[in-house]
Amino acid sequence: MNIMLKLENVTKIYPGAEHIKAVDELSFDLPEGEICTVVGPSGCGKTTAMKMINRLIPLTSGKIYIDGQNVNRLDTIELRRNIGYVIQNIGLFPNMTIAENIAVVPKMKGWDKNRITERAERLLELINLPPEEFMDRYPRELSGGQQQRIGVARAMATDPPIMLMDEPFGAIDPINRDHLQNEFLRIQDKVKKTIVFVTHDIDEAIKMGDKICLLKAGKLVQFAAPETMLTEPANDFVSDFLGGDRTLKRLNLLKLKAAMRPDPPVIMEEESPEKAKAMLTELKVDNLIVVDAEKRLLGYVNHEALEKEADEVRKVTRPTDSFMPASSSLKDGLSEIFTHDLGYLIVVDDDKKVLGVLNTEDIREILRR
Amino acid sequence: MEARAFSPVLKKLIPVLLTIIIVAGLYKFYGAWAYTTKNLAEFFRLTWEHLVLVIISMAAAVTVGVGLGTLMTRKGFDHLSPAIMGVVNVWQSVPSLGVIALAYGFLPLLGLSGIGVVPALIALFFHAVAPIVRNTYAGIQAVSKDVIEAATGMGMNPKQILFRIELPNALPVIMGGVRTSTAIIVGTAPLAFLIGGGGLGFWIFTGIALMDMGIMVAGAVPVALIAMLADSALARTEKTVVSKGIQAEEYQVAM
Ligand SMILES: Nc1ncnc2c1ncn2[C@@H]1O[C@H](COP(=O)(O)OP(=O)(O)OP(=O)(O)O)[C@@H](O)[C@H]1O
Ligand SMILES: [Mg+2]
């Protein structure tokens with residue numbers, strides 16, 4: 001695993017504020033393709049730490065390496081052109097169209113016109129804004145959320161391996177923010193950038209981060225994967241910062257796939273009701289999942305359903321809504337279990353093939369770990 | 001549909017027609033027409049002198065004004081800016097006649113002639129430069145810090161930031177300054193005659209001295225027309241050079 005970004009005892013003391021270390025001996029390694037969310041109370045040094053990476057703020061001491069190279073040895077302008085940068089307040093250039101905004105870095109890098117246009121169109125498609133409609137608009141003709149997305153697209157214009165994002169979704173209402181976060185994760189799944197993502201929102205940090213870097217008064221308190229931080233907070237500050245609902249946060253983070261019991265007993269639709277009855281008794285369960293030859297979910301049968309005369313299970317199968325894709329969160333799964341009468345949740349893949357089942361006991365089990 | 005397409009043309013035409021009617025009326029009523037045709041060669045010479053005064057002093061004011069205004073926003077000069085702005089503001093409150101008189105009175109102290117085209121140009125230039133300096137400075141200062149930070153973070157160098165971000169975004173404000181200056185110069189130019197600068201002021205002041213309205217109108221009306229043309233030319237320039245992304249909304253509607 002290649003370490004893309006490495007901070008080594010990075011310290012910042014602002015001139016004129018010598019008594020405080022805005023960033024104090026910060027060290028961490030970020031592997032290629034991962035998102036590191038930097039989080040902590042206001043004034044803890046998040047922005048300062050981030051801006052030292054592209055040298056918008058000079059280091060007081062310590063070293064920063066990108067892909068093994070010390071950033072202080074690189075040409076500043078060149079360094080910045082190779083790092084995607086999204087600032088908190090978007091900062092689109094109002095005098096330029098969307099296409100021109102996206103073209104800024106490619107142009108400076110000397111790309112030819114066709115390549116730039118093609119790239120801009122591709123990026124707009126990626127962020128779900130139709131190019132023919134948006135290329136020639138100006139920033140003021142866009143909604144806040146659309147501007148935010150253009151800000152991200154602009155930072156990705158030359159496909160930089162590293163991106164720095166300072167509260168990129170800070171100015172957006174919770175609903176659209178959630179939407180943008182999901183969209184961003186979907187994109188990241190394809191492009192696999194190494195990203196430093198500053199936020200003051202712990203939920204966002206947990207959701208977006210492969211790693212969370214938690215700062216307090218310039219000092220690193222804990223650097224860990226979200227799941228690790230939730231299960232093993234380093235100290236009281238961390239657990240306080242994570243909040244009293246740490247368990248619920250884990251529910252949000254964990255996927256059904258991680259908690260389900262795989263390969264549950266199922267019965268094929270063309271089997272006889274007698275066989276179904278025998279299985280119910282033998283397995284000591286109340287109901288059986290019915291599938292087709294492809295193992296796709298059809299419904300379930302129980303003793304009551306099997307009372308009726310039929311030659312095949314298919315004829316007495318009852319439909320159910322108590323299923324969810326494996327990529328859903330445990331939190332959504334739990335809510336679904338309580339809504340339906342089956343007493344458990346059937347976990348399926350995108351083709352509705354049965355992968356496993358999950359009940360409240362399984363969830364309790366995984367949270368205890 | 002047709003009526004709608006027709007009305008903007010009409011809207012533009014009405015002021016033009018009105019101006020022509022008023023000008024023609026004035027010329028006929030006061031006999032300015034007869035005076036102008038009788039002295040056609042002189043009319044062209046004075047108009048030419050007048051235009052030279054306006055255009056040269058304007059060009060100098062724009063160059064120096066934008067340059068100085070920009071310089072004041074650069075690092076290292078920023079501590080001088082309040083002082084310069086103070087001077088600029090006081091200077092702008094000196095009335096036109098005062099500027100002309102100062103040129104006449106002060107230039108000889110520097111060993112230069114206080115009479116002629118050059119002192120007139122100097123006076124006009126100094127009178128017009130203030131709004132441009134002020135607006136350039138204010139316009140660049142007003143460019144959002146976020147936009148500058150984004151540009152820096154994306155790897156633009158200071159020169160690229162100035163020419164691609166700061167000046168283009170400050171342009172509407174700078175153009176506002178240029179229009180104010182143009183109005184000042186066009187309004188002050190007739191006074192240049194008083195210190196031997198020539199121009200249409202000659203007819204205006206002669207008319208006043210002889211109490212001959214014909215001569216005065218023959219000088220005053222072209223001066224007014226030049227002012228109007230200059231302003232509409234600037235408005236048009238503004239529309240083409242200022243990005244659609246930052247133009248005032250009214251222009252958007254006109255598209
Ligand atoms: N230019 C500066 N000069 C002096 N001190 C500064 C400067 N910028 C930031 N600081 C101080 O450094 C510390 C860290 O600031 P920073 O902006 O990095 O915090 P932050 O974690 O990003 O906060 P927020 O969540 O409010 O954005 C603060 O104490 C701040 O007051
Ligand atoms: Mg900050």
Side-chain angles (χ1 to χ4, degrees), chain A residues 47 50-57 74-109 136-142 147 150-152 154-158 160 163-168 170-171, chain B residues 66 69-70 73 75-76 78-79 135-136 138-178 237-255:
Chain A
T47 300
M50 196 194 80
K51 287 189 187 169
M52 284 191 284
I53 297 171
N54 64 356
R55 290 175 57 189
L56 281 175
I57 295 177
L74 301 172
D75 175 60
T76 321
I77 298 287
E78 202 50 40
L79 171 78
R80 289 179 187 154
R81 288 181 189 172
N82 290 317
I83 296 179
Y85 184 50
V86 183
I87 68 164
Q88 175 160 10
N89 299 314
I90 313 173
L92 293 184
F93 305 133
N95 58 316
M96 300 184 190
T97 62
I98 300 313
E100 288 165 348
N101 263 281
I102 295 177
V104 168
V105 181
K107 239 190 218 158
M108 291 191 296
K109 290 195 148 205
D136 298 325
R137 288 220 214 160
Y138 285 92
R140 71 166 170 198
E141 299 164 339
L142 266 56
Q147 291 185 20
I150 299 297
V152 174
R154 181 176 69 172
M156 299 201 305
T158 54
M163 296 187 48
L164 307 178
M165 314 177 81
D166 195 352
E167 310 209 15
Chain B
V66 172
T70 305
T73 61
K75 256 210 190 91
D78 31 10
H79 57 283
N135 281 33
T136 304
I140 294 179
Q141 289 285 305
V143 176
S144 146
K145 291 287 158 283
D146 297 325
V147 167
I148 304 294
E149 198 202 307
T152 315
M154 288 165 72
M156 283 197 192
N157 60 36
K159 200 171 127 198
Q160 289 167 327
I161 294 177
L162 177 64
F163 286 104
R164 295 190 199 174
I165 308 294
E166 293 181 297
L167 286 176
N169 281 300
L171 208 51
V173 185
I174 297 175
M175 285 304 288
V178 171
T237 313
E238 192 171 334
K239 237 162 125 178
T240 47
V241 298
V242 173
S243 153
K244 298 239 173 350
I246 48 174
Q247 276 181 16
E249 299 288 347
E250 52 180 319
Y251 293 131
Q252 300 271 309
V253 180
M255 307 235 331

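Excluded from the calculations below are hydrogen atoms, water molecules and symmetry mates; all remaining heavy atoms, backbone and side chain alike, are included. Every chain is numbered from 1 and lettered A, B, ... according to where its sequence line falls, protein lines coming before strand lines.
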Part of [X] within contact of chain B (heavy atom distance under 4.5 Å):
X	result
A:Ile87	side chain
A:Leu92	backbone
A:Pro139	neither

**Complete:** Highest number of heavy-atom pairs under 4.5 Å with chain B among A:Gly84, A:Pro94, A:Gly91 belongs to A:Pro94
Distance, nearest 0.5 Å, that separates [atom1] of [X] from [atom2] of [Y]:
X	Y	atom1	atom2	value
B:Asp146	A:Gln88	CG	CD	8.5 Å
A:Arg80	B:Asn157	CZ	CG	10.5 Å
A:Phe93	B:Ile148	CZ	CD1	8.5 Å

**Prompt:** Counting heavy-atom pairs under 4.5 Å to chain A, which of B:Ala151, B:Gly155, B:Ala150 comes out on top?
**Reply:**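 Highest number of pairs under 4.5 Å: B:Gly155.
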**Prompt:** With no hydrogens and no angle check, is any side-chain donor or acceptor of A:Asn95 less than 3.5 Å from a backbone partner on B:Arg164?
**Reply:** yes
**Prompt:** When you look at A:Tyr138 and B:Gln247, which way does the side-chain contact (heavy atoms from CB on, under 4.5 Å) test go after all the steps?
**Reply:** CA-CA 11 Å; A:Tyr138 285 92; B:Gln247 276 181 16; over 6 Å; no
**Asked** Where do B:Thr152 and A:Leu56 land on the side-chain contact (heavy atoms from CB on, under 4.5 Å) test, with the steps shown first?
**Response** CA-CA 8 Å; B:Thr152 315; A:Leu56 281 175; 3.7 Å; yes
**Request:** Give the intermediate values and the outcome of side-chain contact (heavy atoms from CB on, under 4.5 Å) for residues A:Asn89 and B:Lys145.
**Result:** CA-CA 10 Å; A:Asn89 299 314; B:Lys145 291 287 158 283; over 6 Å; no
**Message:** Any carboxylate oxygen within less than 4.0 angstrom of a Lys/Arg side-chain nitrogen, looking at B:Lys244 and A:Glu141?
**Reply:**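 Looking at A:Glu141 together with B:Lys244, the answer is no, because their closest N to O distance does not fall below 4.0 Å.
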**Message:** Consider side chain to side chain contact (heavy atoms under 4.5 Å, CB included). Of A:Val105, A:Asn54, A:Ile77, A:Ile83, which one does B:Met154 pass it with?
**Reply:** A:Val105
